[in-house]
Amino acid sequence: MSIRFYNSLSNSVEDFQPVESDRVRMYSCGPTVYDFAHIGNFRSFLFADVIRRTLEFFGHDVHHVMNITDVGHMTDDSNADGGGEDKMESAAQRIKEDKKSGKVPEGAVDNPDDPYQIADYYTKAFLEDAQMLGLKVAFEPENILKATDNIDIMQDMITELIEKGHAYVGPDGVVYFSVESFDDYGKLSGNTLENLLSGAGGRINETDQSNKKHPADFMLWKADPSHIMKWDSPWGTGYPGWHIECSCMARDRLGKDVIDIHTGGEDLIFPHHECEIAQSRGATGEDAFARFWMHARFLMVEGEKMSKSKGNFWTVRDVLEGRATGINVHPAVLRLELIKSHYRSNMNFTKKGLQDSANVVRKLTEFRAKLEAAADGQTAEVTLDHPILKQFGEALADDLNFSKAIAVVLPWASSEIENPAEALAVLDKINSVLAVAPLGDEVETAADEGGLDVDALCKAMDEARAAKDWGKSDAIRDELQAAGYDVKSSPEGTVATKRLA
RNA sequence: GGGGCGGUGGCCAAGUGGCUAAGGCACUGGAUUGCAAAUCCAGCACGCGCGGGUUCGAAUCCCGCUCGCCCCUCCA
C-alpha cells in the first residue's frame, strides 16, 4: 500500500517514498522554551508524532528529531518605539514574579537572571508534558536537540554560506542571507521576491533595510555583546539568527543533506521554513532540503482564536489540571482530542469535544480490559492483512485520515469478538499509533487524592442497595459523583470510575 | 493589496463524477432500573456556503462571489 501525504511544497497529495528505503529521516520544529507549551503547540508536535507512528505502523524505521529553541530571540523589533524585548529576558521577569507568588516551586530556578536556568526549567516542563501526551521523541534524549548546544555547527554553515556567495556581512556587521542568490526563494510559501515586494505595503522599516542588499534578506548572525545569551564568532560576540538552527541540526543529526519529512505549524511556512530551505540548499547545493514539508493548521478554542486577551489561552497544564474546563483531564484524552481531527483543517478545541474523546478513551480501555480477561494471557500474531488493520491502515495512509481510522476502530470495539488473543494483538497495533489505551495506572487506582476510599464506598452502596436503603445508596453515589466519578450499579455490583474529562 | 488552506446535519466528521449522501456524539420517545448510569429498540437532516458553467449525470471538475483560518512582522 502506498502512503500518501500532502506536501506543502507542491500543494498536493503525493506518494511517500523515503530517500533511503530502510530509514526515514524526519525533523520537527519544536518549542521555544520561554514559557509553558500550549495546546496549539502540542497539536503541531502530536501531529509530528502521529506521522512518525504511522510510518512505523507500516514498518518503516524512523529517525525523528525535534529541536528546542533556547536561544533568546527578540519579541518584536518592528514597533514604532523601536523597543523589542528579548524573550528570555521577559521570561526572567515573569519567573521572578512567579517565584514571589509561589507558582514556581522552591529550588526550580535558583537564579532567574541566568537564561540557561530559565531555558532548563521550561525545557523540563515541555518534556514532562510531551511524555504525558505520548510524544515518542520526548523519551529519546539523543533526539531532542538544543540550539545552544549547536552554535558551532551554525557558525560552520554560516561560513559555508558566505564562501558560496549566499551570505554577506552588512555595513552594520550583521551576517545576512542573500535571498537573491537563491533562485527558488518563495517556492514553498508562494512569497516570491516579486510577490513580497508587491504586497509589502508600508511594512518595511527603512532604517532596518538600509544594511541589506534586499529587503527580504534575513539575519544569520548578529554581533551584540549586550545580548543576554551570546557566543564568540568570526563576526563578533553575539547570537545566531532564528532560522539557522534547524538547517544545521537537521543535517548534522540526521546525517543527510536531503531529509524525508520536515514538520511544523502552518505559521512556520513563511518565513521560517522558506529561509531554512534557502540556507540548507545554499549550503549543500542539493535540489531539496526536505522531500516532504508538512504543516498542521492552527486550533481554535470554542470557535475563537486562542489568545491571551480573550482568556481562552490554555497551556497543556491548564487543561490537564482542570483550569480550562473545570474538570481534570486525563492526558490520553487530551492527546486523542488533539490528534483526532484532520491536521489540515482548523480544529476546534471544545469542552464537548474533550468529553467525546473521553468516551472514546474509556471505551477503548474497557474493550482492552475485556479482551485481556477473555484472552487469559494468550497472545497472537497478526499482520497488516487483518481486516481491521487493513482498513485502519488505509485510512492512515490516506494523508493521515484519523477520523476515518477511528471510525473503523469504534464499531469493531463494540462488536462480538471471536478470537480475543488475536483482537488484543490488533488493538496493540492500533494503539501503537493512537497511544490512548491502555491508560497509565494512576487513573484506575482506588485511592483518590481527596482520600476517598472508592472501593469501600462502592461496597457500602451495594450493602445499602441490598437492604433497600435507597436514601443511603443515593447519598453515597452523590458523594462519588461530586468527587468526579462515574458510578454504575449492576447485578454484579457497583463500580466507580474516575471521569477522564 | 499579495501568497495559501478550508466551508457536508446541533457538534465532530466519511464520502472527491453515477444505486434513494452519511458514521459517531448530542437530543427526543420506549424497554430495562428503586432512581440513575450502562445497554437495547425507535425517532431526528427535502440537502453538501452562494451563484453560474462543463456533463447523460456534480457535494465531488471549472469560473465568480462569500465566509472562516494562516502567512506576508515574533508566533505551532
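Bear in mind that the values here come from a model prediction, so they are computed numbers and not experimental data. All chains are named by letter (A, B, ...) in the order of the sequence lines, taking the proteins before the strands, and each is independently numbered beginning at 1.
Residues passing the ring-ring contact (aromatic ring centres under 6.0 Å, His included) test with A:Y116, sequence neighbours excluded: none. Listed by chain and residue number, A:W412 satisfy the ring-ring contact (aromatic ring centres under 6.0 Å, His included) test with A:F367 (two or more places apart in sequence, or in another chain). Not a single ring-ring contact (aromatic ring centres under 6.0 Å, His included) links A:F349 to another residue, sequence neighbours left out. Judged as a salt bridge (Lys or Arg N to Asp or Glu O under 4.0 Å), and not counting sequence neighbours, A:K351 has no contacts. Remark: A:H386 engages no residue in a ring-ring contact (aromatic ring centres under 6.0 Å, His included) (not counting sequence neighbours).
For the side chain to side chain donor-acceptor pair (under 3.5 Å) condition, the pairs that include at least one residue of residues 462-472 of chain A, sequence neighbours left out, are A:D462-A:T494. Sorted by first and then second residue, the pairs that involve residues 288-303 of chain A and meet side chain to side chain donor-acceptor pair (under 3.5 Å), not counting sequence neighbours, are A:E266-A:R297. Counting only residues at least two apart or on different chains, the salt bridge (Lys or Arg N to Asp or Glu O under 4.0 Å) pairs with a member in residues 121-133 of chain A are A:E128-A:R317, A:D129-A:R317.
Look at the P atom in both B:A59 and B:U16: the space between them is 13 Å, to the nearest Å. Taking the C1' atoms as reference points, B:A14 lies 7 Å from B:G23, given to the whole Å. Of the P atoms belonging to B:G57 and B:U20, the separation is 15 Å, rounded to the nearest Å. Taking atom P on both B:C27 and B:A38, the two are 9 Å apart, rounded to the nearest angstrom. Nucleotides B:A13 and B:G7 are separated by 13 Å at their C1' atoms, to the nearest Å. To the nearest whole angstrom, the two P atoms, one in B:C62 and one in B:U54, are 15 Å apart.
When atom types are taken as modelled, the side chain of A:N7 and the backbone of A:S12 share no donor-acceptor pair closer than 3.5 angstrom. In this structure, A:D217 contributes its side chain and A:V179 its backbone to a donor-acceptor pair below 3.5 Å. Although no hydrogens or angles enter the test, the distance criterion places no donor-acceptor pair under 3.5 Å between the side chain of A:D70 and the main chain of A:K146.
Using Watson-Crick or G-U wobble geometry with both donor-acceptor distances under 3.5 Å, B:C25 finds its partner in B:G10. Across all strands shown, B:C5 forms a Watson-Crick or G-U wobble pair, both distances under 3.5 Å, with B:G68. Pairing of B:C74, defined by two Watson-Crick or G-U wobble distances under 3.5 Å, is not identified with any nucleotide. Remark: B:C19 base-pairs with no nucleotide; criterion is Watson-Crick or G-U wobble with both hydrogen-bond distances under 3.5 Å. With a cut-off of 3.5 Å on both pairing distances, the Watson-Crick or G-U wobble partner of B:A31 is B:U39.
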Tabulated below should be each protein N or O lying under 3.5 Å from an N or O of nucleotides 14-17 of chain B; please produce it.
unit_1, atom_1, unit_2, atom_2, d
B:G15, OP1, A:K404, NZ, 3.3

Pairwise N/O distances under 3.5 Å, protein to nucleotides 21-24 of chain B:
none

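Put simply, A:K488 has no side-chain N or O that comes within less than 4.0 Å of OP1 or OP2 on B:U33. The phosphate of B:A76 has OP1 or OP2 within less than 4.0 Å of a side-chain N or O from A:N41. Considering only side-chain N and O atoms, A:R477 lies nowhere under 4.0 angstrom from the phosphate OP1 or OP2 of B:C35.
Residues of residues 294-304 of chain A having a heavy atom closer than 4.0 Å to RNA chain B, listed by number: A:R297, A:F298, A:L299, A:M300. Of all the residues in residues 462-474 of chain A, A:R465, A:W470, A:S473, A:D474 reach under 4.0 Å from RNA chain B with at least one non-hydrogen atom.
Summary of the strand contacts: A:D267 and A:P271 both lie near RNA chain B, and taking for each the nucleotide with the nearest heavy atom, the more 5' one is attributed to A:P271. Of the two residues near RNA chain B, A:G190 and A:G265, the one whose nearest nucleotide lies more 5' is A:G190.
Counting only heavy atoms from C-beta outward, the side chains of A:E245 and A:P240 never approach each other to under 4.5 Å.
Taking 4.0 Å as the cut-off between side-chain N and carboxylate O, A:R4 and A:D399 do not count as a salt-bridged pair.
Residue A:I269 is out of contact with every strand shown, counting any heavy-atom pair closer than 4.0 Å. A:R43 comes within 4.0 angstrom of nothing in the nucleic acid, heavy atoms only. Residue contacts for A:D486: at a heavy-atom cut-off of 4.0 Å it reaches no nucleic acid atom on any strand shown. Residue contacts shown for A:K340 are absent, as no nucleic acid heavy atom lies under 4.0 Å away. Among the heavy atoms of the strands, none lies under 4.0 Å from A:T192. As judged by a 4.0 angstrom heavy-atom cut-off over every strand, A:Y6 is placed among residues touching the sugar-phosphate backbone only. Among the atoms of the strands shown, none is found under 4.0 Å from any heavy atom of A:S345. Here A:G264 lies in heavy-atom contact (under 4.0 Å) with sugar-phosphate atoms only.
Checked against B:A76, B:G6, B:C71, the side chain of A:M306 finds its nearest nucleotide in B:A76.
Ring geometry for A:Y239 versus A:H227: interplanar angle under 30°, hence parallel rather than tilted (30 to 60°). Relative orientation of the A:F45 and A:F126 rings is perpendicular, given thresholds of 30° and 60° on the angle between their planes.
For the atom pair A:L354 CG and A:L338 CG, the distance stands at 8.5 Å (nearest 0.5 Å).
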